[in-house]
Amino acid sequence: MNYTEIIYVHPKTPMTYPRNIPISIPALIKRIPFPVRGYCYSELNADIIRNTKICIIDIHWFFSLQGAKTLVKQLRAIKKDIVVISGGITSTEYPQKIVDELDIDYVIRGDGEIPLPMLVNALMNSNKNLELVPNLFGKDGFSTLFKVKPYSLNRKDFNENEFFDIDFFPFMKQELQKMHRNNPGCPPFVYPFILPFRGCPIECDFCAGAPNEQGKIFNRKVIYRQSAVLRNDFAILEGQPWIKFYNCLLDFVTLMNDNYVTEALPINKSRLKVQYEFTKAPSLESLDYFLGKFSGGMIHFSVDQMHLTSERINNPDLMVSLIKLTQSKYPEYMPILDFSSVYAHSNKEYNQAIKYIIKHTNCYLYD
């Protein structure tokens with residue numbers, strides 16, 4: 001086995017697909033000026049750990065915490081002086097607690113595009129210029145928070161991110177190739193993801209992606225990927241034959257203007273299938289245009305106007321028209337009506353809208 005001094009390890013995370021890494025990890029790894037090898041927690045062994053100098057882990061979702069704690073204990077038991085770095089939303093929200101309670105050496109708070117490669121470079125050069133790395137928290141009260149200008153992602157860096165090279169993580173790539181080969185449909189929350197923006201323009205009061213929270217956590221507004229860059233992302237995926245579908249959880253069709261959508265989508269019809277979630281109801285024209293660009297998949301329509309986070313329902317007749325257009329003109333797609341059971345139980349009008357749409361379309365229903 002070939003070993004590297006720097007590894008990225010995805011901790012045990014109880015998700016729908018537990019080996020799904022945060023969307024930006026491939027882009028961040030690509031920026032590190034040293035070889036990095038990716039591992040799933042289940043792949044690790046003593047030889048790998050002994051040959052490692054730096055271990056990067058994600059604590060992005062809060063339910064990664066237990067897996068991260070177990071992982072760090074495993075690393076320390078075999079090599080006490082291994083340097084452990086973490087990042088992600090949960091790490092960003094509680095950097096000092098992550099350092100103190102999980103025995104992690106350094107936490108990068110916020111956007112990591114520039115801080116992560118700077119930190120790795122400093123550590124690989126005997127901690128040279130460590131105090132110049134922005135967004136950094138460490139043991140024994142170490143922090144550059146008030147000493148270095150914080151880094152926030154800008155549009156230039158976002159456009160330069162490369163999200164689709166996962167060769168650094170052979171096991172993950174092998175697993176994903178099996179999923180793409182064996183799944184005729186589009187499993188949700190599975191690589192690759194199209195990422196039109198970081199954060200979200202919708203102001204939901206409990207979401208870290210909302211503009212207000214993005215300002216608190218990342219010291220910036222929502223960042224949009226240039227439409228031409230998004231189109232190039234589609235071209236990259238089109239050029240990898242093993243990729244059969246893509247996921248898009250951030251809806252640029254209804255949240256961006258028509259010019260952006262036209263300039264971002266592929267010029268010619270793609271061979272790819274798509275799993276796409278509309279935040280609010282698209283127009284009939286924009287839905288027709290979008291569906292004509294791909295070869296089928298699963299299309300999620302939200303009952304409400306804010307991606308299942310509000311009781312402001314879309315016009316039920318419009319929803320029926322959208323779903324019927326999909327069913328009649330594009331039978332290669334599976335239309336799905338997404339709803340929140342919380343609102344369905346508490347709001348009579350919301351509940352009636354669901355029943356009305358299902359009665360007139362007989363489409364799939366997803367809570």
> Counting only N and O atoms by type, is there a donor-acceptor contact under 3.5 Å from the side chain of H360 to the main-chain atoms of K324?
no

> Is D103 salt-bridged to K139, cutoff N-O under 4.0 Å?
yes

> Can I223 be reached from I89 by stepping across I, L, V, M, F, W or Y side chains whose heavy atoms are under 4.5 Å apart?
no

> Donor-acceptor pair, Q327 side chain versus T361 backbone, under 3.5 Å?
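Pair found, side chain donor or acceptor close to backbone of T361.
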
> For the residue pair E203 / N212, report whether a side-chain donor-acceptor contact shorter than 3.5 Å exists.
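Per modelled atom types, N212 and E203 side chains form no pair under 3.5 Å.
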
> List the atom of P134, the atom of P115, and the distance in Å for their closest heavy-atom pair.
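Distance-wise, the nearest heavy atoms are O-CB, 3.5 Å.
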
> Under 3.5 Å, is there a donor-acceptor pair between the Q214 and R220 side chains?
yes

> Can you find a side-chain donor-acceptor pair between Y8 and D58 that sits under 3.5 Å?
yes

> A quick test of your reading: do over 12 heavy atoms of other residues, nucleotides or ligands sit less than 6.0 Å from NZ of K69?
no

> Under 4.0 Å between a Lys/Arg side-chain N and an Asp/Glu carboxylate O for K280 and D251?
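No, no charged N to carboxylate O under 4.0 Å.
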
> State, yes or no, whether a side-chain contact exists between T52 and E5 at a heavy-atom distance under 4.5 Å.
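Of all side-chain heavy-atom pairs linking E5 with T52, none is under 4.5 Å.
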
> Stepwise, does the side chain to side chain donor-acceptor pair (under 3.5 Å) test hold for T262 with N259?
CA-CA 5 Å; T262 303; N259 286 339; 5.5 Å; no

> Under 6.0 Å from the CZ atom of F62, do we count more than 12 heavy atoms belonging to anything else shown?
no

> Rounded to the nearest 0.5 Å, how far does CG of L250 lie from NE2 of H307?
8.5 Å

> Give a yes or no on whether V229 and I23 share a hydrophobic cluster (residues Ile, Leu, Val, Met, Phe, Trp, Tyr; joining criterion: side-chain heavy atoms under 4.5 Å apart).
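In one cluster with V229: I23, no.
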
> As a quick check of understanding, evaluate side chain to side chain donor-acceptor pair (under 3.5 Å) for D111 and S152, giving each step before the final call.
CA-CA 6 Å; D111 297 315; S152 297; 4.9 Å; no

> Under 4.5 Å between any side-chain heavy atoms of I98 and I59, yes or no?
yes

> For atom CD1 of I267, decide whether the heavy atoms of other residues, nucleotides or ligands shown that lie under 6.0 angstrom number more than 12.
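Count not over threshold, so no.
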
> If you draw a 6.0 Å radius around NZ in K269, do more than 12 non-hydrogen atoms from other residues or ligands fall strictly inside?
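Above 12, so yes.
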
> Stepwise, does the side chain to side chain contact (heavy atoms under 4.5 Å, CB included) test hold for F164 with Q240?
CA-CA 10 Å; F164 306 122; Q240 299 190 49; 4.2 Å; yes

> Identify whether the distance between the nearest side-chain nitrogen and carboxylate oxygen of R50 and D47 falls below 4.0 Å.
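Counted as a salt bridge, because a side-chain N and a carboxylate O are separated by less than 4.0 Å.
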
> Side-chain heavy atoms under 4.5 angstrom apart, residues restricted to Ile, Leu, Val, Met, Phe, Trp, Tyr: same cluster for V190 and Y366?
no

> Check whether any side-chain heavy atom of L272 lies under 4.5 Å from a side-chain heavy atom of L237, and answer yes or no.
yes

> What distance do I202 atom CD1 and M306 atom CE have between them, rounded to the nearest 0.5 Å?
5.5 Å

> Strictly by modelled atom types, are R198 and S24 linked by a side-chain donor-acceptor pair under 3.5 Å?
yes

> Do the side chain of N127 and the main chain of L130 share a donor and acceptor less than 3.5 angstrom apart?
no

> Can you list the steps and then say if T13 with S64 is a side chain to side chain donor-acceptor pair (under 3.5 Å)?
CA-CA 5 Å; T13 306; S64 300; 3.2 Å; yes

> Can you check whether L102's main-chain N or O pairs, donor with acceptor, with D100's side chain at less than 3.5 Å?
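A pair under 3.5 Å: no.
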
> Please confirm whether F278 and H300 have ring centers closer than 6.0 angstrom.
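Centroid distance F278-H300: not below 6.0 Å, so no.
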
> Do the side chain of R31 and the main chain of P117 share a donor and acceptor less than 3.5 angstrom apart?
no

> Give the minimum heavy-atom separation between R155 and Q226, together with the two atoms involved.
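In terms of heavy atoms, the two residues are closest at NH2-CA, 3.5 Å.
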
> Fit a plane to each ring of W61 and F63, take the angle between them on a 0 to 90° scale, and name the class: parallel (under 30°), tilted (30 to 60°) or perpendicular (over 60°).
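Judged by the thresholds at 30° and 60°, the geometry between W61 and F63 is parallel.
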
> When you compare the side chain of L284 with that of S321, does any pair of heavy atoms fall below 4.5 Å?
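Side chain of S321 against side chain of L284, heavy atoms only: contact under 4.5 Å found.
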
> With a 4.0 Å cut-off, would you call E349 and R312 a salt bridge?
no

> Is it true that S302 and D338 share a donor-acceptor pair across their side chains at a distance under 3.5 Å?
no

> Check whether any side-chain heavy atom of F168 sits under 4.5 Å from a side-chain heavy atom of K173, and report yes or no.
no

> Determine the minimum heavy-atom distance between N121 and P33, stating which atoms define it.
OD1-CG, 4.3 Å

> Tell me whether I358 is reachable from V303 by hopping between hydrophobic residues (I, L, V, M, F, W, Y) whose side-chain heavy atoms are closer than 4.5 Å.
yes

> Are the side chain of Y343 and the backbone N or O of T309 linked by a donor-acceptor pair below 3.5 Å?
yes

> Is it true that S91 and S86 share a donor-acceptor pair across their side chains at a distance under 3.5 Å?
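The answer is yes; a qualifying pair exists.
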
> Give, for atom OG1 of T92 and atom CZ of F137, the distance between the pair rounded to the nearest 0.5 Å.
9.5 Å

> I'd like to know if the side chain of T70 reaches the main chain of G67, judged simply by a donor and an acceptor atom lying under 3.5 Å from each other, with no hydrogens or angles considered.
no

> If I compare all heavy atoms of Y350 with all of S310, which pair ends up nearest, and what's the gap?
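Scanning both residues completely, I find the closest heavy atoms to be CE1-O, 3.9 Å.
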
> Do Q305 and I313 have side chains that get closer than 4.5 Å, going by heavy atoms?
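No, too far: nothing below the 4.5 Å cut-off.
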
> Are more than 12 heavy atoms from other residues, nucleotides or ligands located less than 6.0 Å from atom OH of Y330?
yes

> Are I357 and Y364 co-members of a hydrophobic cluster defined by side-chain heavy atoms under 4.5 Å apart?
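No, no single cluster joins them.
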
> Taking E238 for its side chain and R271 for its backbone only, find out whether a donor-acceptor pair lies under 3.5 Å.
yes

> Counting only N and O atoms by type, is there a donor-acceptor contact under 3.5 Å from the side chain of S270 to the main-chain atoms of P266?
no

> Taking the basic N atoms (NZ, or NE/NH1/NH2) and the acidic carboxylate oxygens, is any pair closer than 4.0 Å for R76 and D81?
no

> For a 4.5 angstrom cut-off between non-hydrogen side-chain atoms, does F339 reach L365?
yes

> Between D367 and S341, is there a side-chain donor-acceptor contact under 3.5 Å, judged purely by atom types and distance?
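The criterion, which ignores hydrogens and geometry beyond distance, is satisfied for D367 and S341.
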
> Within the distance-only criterion (no hydrogens, no angle test), does the side chain of Y39 pair as donor or acceptor with the backbone N or O of F169 below 3.5 angstrom?
no

> State, with a plain yes or no, whether a side-chain heavy atom of L116 is found less than 4.5 Å away from one of I56.
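Yes; the side chains approach each other to less than 4.5 Å.
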
> Decide yes or no on side chain to side chain contact (heavy atoms under 4.5 Å, CB included) for E131 and V148, but give the supporting numbers first.
CA-CA 8 Å; E131 69 281 357; V148 181; over 6 Å; no

> Applying the ring pair (Phe, Tyr, Trp, His ring centres under 6.0 Å) criterion to Y246, which one of F193, F234, Y276 satisfies it?
F234

> For E43 and G38, work out which heavy atoms get closest and say how close.
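Smallest interatomic distance, heavy atoms only, reads OE1-O, 4.2 Å.
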
> Should L44 and V9 be marked as a side chain to side chain contact (heavy atoms under 4.5 Å, CB included) after you check the CA-CA gap, both sets of side-chain angles, and the distance that decides it?
CA-CA 8 Å; L44 282 186; V9 181; 4.1 Å; yes

> For I54 and V120, what are the C-alpha separation, side-chain angles and deciding distance, and is it a side chain to side chain contact (heavy atoms under 4.5 Å, CB included)?
CA-CA 8 Å; I54 299 171; V120 171; 4.3 Å; yes

> Regarding Y356 and D317, is there a side-chain donor-to-acceptor distance under 3.5 Å anywhere?
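There is such a pair between these side chains.
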
> What are the two closest non-hydrogen atoms of N314 and D304, and how far apart are they?
ND2-O, 2.8 Å

